[in-house]
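What follows is one structure encoded as structure tokens, with my remarks underneath.
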Protein chains: 2
Amino acid sequence: MKLDAMRAACSKCNLRELCLPMGLTDADLQHIDRLVGARRSLRRGDALFCAGEPFESIFAVRSGFFKTRVSVDDGRERVTGFQMAGELLGLDGISAERHTCDAIALEDSEVCVIGYSRLEEVSRDVLGLQRQFHRVLSREIVREQGVMLLLGGVRAEARLAAFLLNLGERLRSRGFSGSSMVLRMTREEIGSYLGIKLETVSRAFSRFQEESLLEVRQRNVRVVDEAGLRRLAFEAPG
Amino acid sequence: MKLDAMRAACSKCNLRELCLPMGLTDADLQHIDRLVGARRSLRRGDALFCAGEPFESIFAVRSGFFKTRVSVDDGRERVTGFQMAGELLGLDGISAERHTCDAIALEDSEVCVIGYSRLEEVSRDVLGLQRQFHRVLSREIVREQGVMLLLGGVRAEARLAAFLLNLGERLRSRGFSGSSMVLRMTREEIGSYLGIKLETVSRAFSRFQEESLLEVRQRNVRVVDEAGLRRLAFEAPG
DNA sequence: CGTTTGCTTGACAGCATTCAACGTTGGTGG
DNA sequence: CCACCAACGTTGAATGCTGTCAAGCAAACG
């Protein structure tokens with residue numbers, strides 16, 4: 001977990017259309033290059049931050065893959081999200097000025113460190129940034145609402161189908177295949193995120209394969225019948 | 001659903017310590033009186049806004065009680081939250097500049113209309129407001145994370161117990177009893193929010209009464225054994 | 001006073017969990 | 001290079017919680 005002295009420039013970053021600077025004008029882009037203090041590299045398994053730590057920065061995933069999790073009572077953990085390149089980590093820490101979850105790298109990763117007081121300062125000057133930051137916060141609210149609907153409303157197989165479709169979309173918008181993917185997380189982590197047990201995840205994968213919706217070999221997943229998967233994800237419960 | 005010409009002054013509002021102005025200095029308070037454009041009154045059953053409508057304002061509950069809901073596919077609805085005095089509505093609309101849910105008054109209510117562009121403008125001048133608004137957005141993210149944990153991790157009875165405790169806390173911080181409350185929503189709405197069926201909600205209430213955790217008569221609920229309820233809410237699943 | 005809406009309760013079915021055993025993969029060290 | 005171990009994944013059988021369907025009751029409303 002080393003600190004990279006090199007400052008990152010959003011204006012030259014090829015993730016700028018996915019990340020915080022999304023939609024900003026070129027002029028605004030110039031102004032926000034002072035936002036990112038440094039990059040930070042993490043090895044697989046490293047914690048970017050932990051619940052309870054003072055909140056000072058948010059983080060943008062530059063490369064790699066993360067999970068966020070909370071520990072409930074007796075050591076059990078629950079995964080609250082997965083983050084890939086261009087997505088932000090730490091937004092939940094703003095409210096109480098302490099992080100409320102752990103962020104763990106699921107593979108070797110790199111993040112941009114965005115000092116929060118700096119962000120507040122710059123977003124007063126740069127209207128586009130203020131607007132965009134609010135959008136990002138709001139989008140996270142909407143995303144979680146979607147997860148709530150999933151967790152509360154639909155059966156295990158539909159949850160997994162929706163999860164895979166969502167993962168595919170996010171990969172696709174990053175220029176990857178979207179139908180052929182390598183999962184970075186274990187069955188247990190998927191299950192924890194979706195509110196089901198790892199055995200149930202495994203069974204759902206097997207059944208999807210039987211029904212020719214997917215080809216699954218361990219963490220390699222290929223979506224064979226996306227329409228079928230989509231039908232399953234949106235079906236009525238029961 | 002009428003528009004009240006009288007402008008509301010946050011600086012004189014007795015909800016200011018619960019609402020958006022929470023924690024602001026007296027000096028800042030003066031500056032944000034221009035925030036609230038008008039009040040709006042709603043009758044029970046009225047929609048404050050609906051999913052898909054253009055987003056222009058957020059709303060602060062001045063009095064009364066609301067639910068937010070989304071309609072999934074074929075007319076079924078899912079409740080995504082309940083809001084009482086001092087809480088904000090419409091934050092999810094920022095991301096796409098359209099509301100993503102319906103907000104329905106569960107009793108005759110009044111809200112303060114906060115124009116969003118005005119809010120952005122003022123929060124550039126008033127540092128405390130900028131900070132507080134970010135906190136509010138972040139708090140909503142954290143709140144939803146809590147619901148996700150509930151929905152994904154625990155049994156029906158634990159969900160209801162946690163729900164009642166949360167409701168009690170919020171009532172208490174508004175000067176009400178917290179242990180003796182009148183529910184403003186139906187069993188079906190509670191169930192929809194908690195991801196369980198209304199029959200299950202009803203059974204859980206009955207069982208809580210058998211076990212002397214609650215006294216329930218229709219929508220009148222009295223918490224008899226708060227510690228016991230808390231134990232139930234945090235217990236391991238299964 | 002009747003109708004509508006909301007609430008309670010019972011019986012049964014179904015899906016997910018639990019417990020358990022076994023298979024696979026990848027890394028380590030002999 | 002192979003053996004071995006640990007972590008991860010798959011599958012089966014039994015249990016149990018929650019959903020479904022149905023009936024009856026209570027409260028609210030006009």
Side-chain angles (χ1 to χ4, degrees), chain A residues 43-45 67 76-79 104 106-108 150-164 182-211 214-221 232 235-238, chain B residues 43-45 67 76-79 104 106-108 150-161 163-164 182-211 214-221 232-233 235-238:
Chain A
R43 307 290 303 273
R44 189 161 95 86
K67 70 172 174 183
R76 284 176 302 138
E77 84 172 46
R78 283 283 319 269
V79 174
I104 310 290
L106 292 183
E107 58 183 355
D108 294 357
L150 217 62
L151 293 178
V154 302
R155 306 174 322 129
E157 288 183 6
R159 295 186 201 187
L160 184 62
F163 172 73
L164 292 172
V182 179
L183 303 179
R184 295 292 140 84
M185 69 295 280
T186 66
R187 302 289 192 260
E188 183 163 25
E189 286 163 337
I190 296 173
S192 176
Y193 179 62
L194 296 176
I196 54 186
K197 296 286 126 172
L198 69 100
E199 293 95 330
T200 307
V201 175
S202 184
R203 276 186 250 271
F205 269 125
S206 299
R207 177 176 262 258
F208 286 171
Q209 188 153 243
E210 282 173 25
E211 294 170 351
L214 297 181
E215 278 173 20
V216 185
R217 231 186 41 251
Q218 301 298 127
R219 299 198 183 177
N220 297 286
V221 175
L232 225 172
E235 86 179 352
Chain B
R43 307 291 303 273
R44 190 161 95 85
K67 71 172 173 183
R76 283 174 304 137
E77 84 172 48
R78 282 287 316 271
V79 174
I104 311 291
L106 292 184
E107 59 182 356
D108 294 356
L150 217 61
L151 292 178
V154 303
R155 305 175 320 127
E157 288 183 8
R159 295 186 203 188
L160 185 61
F163 172 74
L164 292 172
V182 179
L183 303 178
R184 294 291 138 86
M185 69 296 279
T186 67
R187 304 286 193 259
E188 183 163 26
E189 287 163 337
I190 296 173
S192 176
Y193 179 62
L194 296 177
I196 55 187
K197 295 287 127 171
L198 70 100
E199 293 93 332
T200 307
V201 175
S202 183
R203 276 186 250 271
F205 270 125
S206 300
R207 177 176 263 259
F208 286 172
Q209 187 153 243
E210 282 174 26
E211 293 171 351
L214 297 181
E215 277 171 21
V216 185
R217 230 185 41 251
Q218 301 296 126
R219 299 197 184 178
N220 297 286
V221 175
L232 226 172
E235 87 179 349

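For clarity, every value in this text was computed on a predicted model and none was experimentally measured. To find a chain, count down the sequence lines: A is the first, B the second, and so on, and within it residues start at 1.
Among the protein residues, B/Ser206 comes within range of the sugar-phosphate backbone only, with heavy atoms under 4.0 Å from sugar or phosphate atoms but none that close to a base. Using a 4.0 Å heavy-atom distance criterion, A/Gly191 is classed as making no nucleic acid contact. Heavy atoms of B/Thr186 sit under 4.0 angstrom from primed sugar atoms or phosphate atoms, though from no base atom.
A cation-pi contact, defined as under 6.0 Å to the ring centre and within 45° of the axis, is absent between A/Arg78 and A/Tyr193.
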Quiz prompt | Protein proximity profile, nucleotides 23-30 of chain D - base contact B, sugar-phosphate-only contact S, no contact -, cut-off 4.0 Å on heavy atoms | solution = ----S---
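Closest to the side chain of A/Ala156, from the set D/dT11, C/dC7, C/dA16, is C/dA16.
Each of B/Leu198 and A/Thr200 was matched to the nucleotide of DNA chain C holding its nearest heavy atom; the match closer to the 5' end belongs to B/Leu198.
When the P atom of C/dG6 is taken as reference, atom NZ of B/Lys197 falls 15 Å away, rounded to whole Å. One interatomic measurement links the two molecules: CG of A/Leu151 to C1' of C/dA16, which rounds to 15 Å at whole-angstrom precision.
Remark: the A/Arg219 side chain and the D/dG9 base include no donor-acceptor N/O pair separated by less than 3.5 Å.
Screening B/Arg43, B/Arg44, B/Arg184 against B/Glu107 for a salt bridge (Lys or Arg N to Asp or Glu O under 4.0 Å) leaves a single residue, B/Arg184. Checking each of B/Glu211, B/Gln209, B/Glu210 against B/Arg207 for a side chain to side chain donor-acceptor pair (under 3.5 Å) leaves exactly one that passes, namely B/Glu211.
Closest heavy-atom contact between A/Leu232 and A/Ala158: O-CB, 3.5 Å.
In summary, A/Lys197 and A/Glu199 do not engage in a salt bridge, as defined by a charged side-chain N under 4.0 Å from a carboxylate O.
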